[in-house]
Amino acid sequence: MEIEMEAKNSSFEVDLGNLMALDSHHSYYPSQQSRVELVKECLQKGTELVQAIADSLFILPSTQDVEGPLVQLPAPSTRLPREKHLPRPKPPTKWDEFAKKKGIINRNKDKQVYDDQSGTWKRRHGYDRANDEEAIPIIEAKPTDDPDEDPFAKRKENKRGRVDKNEKNRIQNLKNAAKFGALPSHVQLAATSLPITGTHVPQKKVTKDELGSVAGFASTATASGGKFDKKLPGEKPPKHKGKNRKFLPVAEGTGVGSKEREQTENILNKIMSKNNHDILNVNKAVTVTNVKMEKNRRNDKSKASSTNSKFKTQKKPFKKGGAKKGNPKAQ
């Protein structure tokens, strides 16, 4: 039996890198077999393939560990096909074209930069960054500066202009990438009218009502329900206004505090009036009431008999043969 198994295992193609085994000489005819026989044959062949993988694993050199022997798998020998096509190359941006033209090479900059004002090392970007312009309380005036112009307001305006320019360039780069079909996946998910790259889903146009509902939900997504948010010119009030939950007060009063009692009474009336026979078992309730009345009557009767027995004279039992011979009675 072992010789037959070894001969079978030698005919299998085992790829330990992918933990995969293949019998290229196997052939079956499912049209001439029943389903039970086909399942039985598949299970038998699968058992043989798994056994071939296990035998090949135990041949590899192993190292002992607390949990058992460990082996290093070799590199895969079978090239598996991709599920999707290779990603399309992104079109070069304006900066990429300019850097290529001028011969500029991108270099990774350090995340930590020395701050001259505090004398410490800080992060290059983000909150509390090094050499932050907004953290400078005094701006040195130049001879060419206009004395009537606020340098702090001018600095904010210049920063706003740089931010707007970067945003405009980013949108333009996305438009150029959309022409080549190389948009990032998160941008495609955000844009509902664009299909995911690699799929054949037709483009879906967003209707006016859908845009209005999405804008309404977005405007009321704040904690105040959009009450203190700035409105855009021509923006209509949201159709889906956020509803604030109302809770009953803790202390009961004559005004709003009395609603808790009304709410409780309404629930009880609804339970007792509507479908009361389904909710309440009348026969069982009558039986329980009768049992309680009978029990109370017996308790009252026992109490009355005990009080009458207290007022009755109690006679001592007479014992016969109390006086024995040789024991005279006490005078």
Side-chain angles (χ1 to χ4, degrees), residues 87-194 197 206 208 211-212 214-238 241-242:
R88 297 184 180 91
K90 297 181 180 179
T93 60
K94 287 186 177 181
W95 166 251
D96 294 337
E97 294 177 355
F98 178 78
K100 185 178 180 180
K101 184 179 179 181
K102 298 293 183 180
I104 300 175
I105 301 174
N106 292 332
R107 297 178 182 177
N108 295 331
K109 298 181 180 179
D110 297 333
K111 295 183 179 180
Q112 298 291 333
V113 183
Y114 184 77
D115 188 13
D116 298 332
Q117 298 180 9
S118 60
T120 57
W121 291 87
K122 294 184 178 181
R123 58 174 63 93
R124 183 183 295 273
H125 304 288
Y127 174 75
D128 194 19
R129 59 183 178 272
N131 302 323
D132 189 6
E133 295 180 354
E134 297 181 358
I136 300 176
I138 300 175
I139 300 178
E140 184 179 357
K142 298 179 181 178
T144 58
D145 292 344
D146 188 2
D148 298 334
E149 188 177 14
D150 187 4
F152 297 97
K154 183 179 179 181
R155 184 175 62 185
K156 288 184 178 180
E157 185 178 357
N158 294 337
K159 182 179 179 180
R160 192 180 298 110
R162 293 194 302 269
V163 172
D164 295 342
K165 182 180 178 182
N166 292 335
E167 182 66 17
K168 183 179 178 181
N169 294 337
R170 187 182 70 85
I171 294 175
Q172 186 63 33
N173 292 332
L174 290 177
K175 289 181 180 180
N176 296 335
K179 295 178 181 178
F180 293 90
L183 272 176
S185 58
H186 66 278
V187 178
Q188 297 183 29
L189 290 174
T192 56
S193 60
L194 295 177
T197 302
V206 183
K208 185 177 180 181
L211 289 176
V214 172
F217 283 122
S219 60
T220 57
T222 57
S224 62
K227 183 178 180 181
F228 303 102
D229 296 344
K230 293 181 180 180
K231 304 295 182 182
L232 298 175
E235 182 180 359
K236 296 181 180 180
K241 293 184 178 180

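Residue numbers start at 1 and run along the sequence shown. No hydrogens, no waters, no symmetry mates; every other heavy atom, side chains included, goes into these values. Since the structure is predicted, the reported quantities are computational estimates derived from the model, not experimental observations.
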Q: Take K156 and K159 through the test side chain to side chain contact (heavy atoms under 4.5 Å, CB included) and record every step on the way to the result.
A: CA-CA 5 Å; K156 288 184 178 180; K159 182 179 179 180; 5.7 Å; no

Q | Qualifying side chain to side chain donor-acceptor pair (under 3.5 Å) pairs, either residue in residues 92-111, two or more places apart | A | T93-D96

**Q.** CD1-CG distance between I171 and N176, expressed to the nearest 0.5 angstrom
**A.** 12.0 Å

Q) From Q112 CD over to R124 CZ, what is the distance, rounded to the nearest 0.5 angstrom? A) 9.5 Å

Q: Kindly give the heavy-atom pair with the smallest separation between I139 and P151, and that separation in Å.
A: CD1-CB, 4.0 Å

Q) Just how far is it from atom CG of N173 to atom CG of N166, taken to the nearest 0.5 Å? A) 10.5 Å

Q) Does atom CD of E167 have more than 12 heavy-atom neighbours from other groups under 6.0 Å away? A) yes

Q.
Using modelled atom types and a 3.5 Å cut-off, is there a donor and acceptor pairing between side-chain atoms of D132 and backbone atoms of R129?
A. no

(Q) One pair to check against salt bridge (charged side-chain N to carboxylate O under 4.0 Å, His left out): K154 and E157. What are the steps and the verdict? (A) CA-CA 5 Å; K154 183 179 179 181; E157 185 178 357; over 6 Å; no

Q.
Using modelled atom types and a 3.5 Å cut-off, is there a donor and acceptor pairing between side-chain atoms of D115 and backbone atoms of N131?
A. yes

Q: Specify the closest pair of heavy atoms between G119 and Y114, including all atoms of both residues, with the distance to one decimal.
A: CA-OH, 3.3 Å

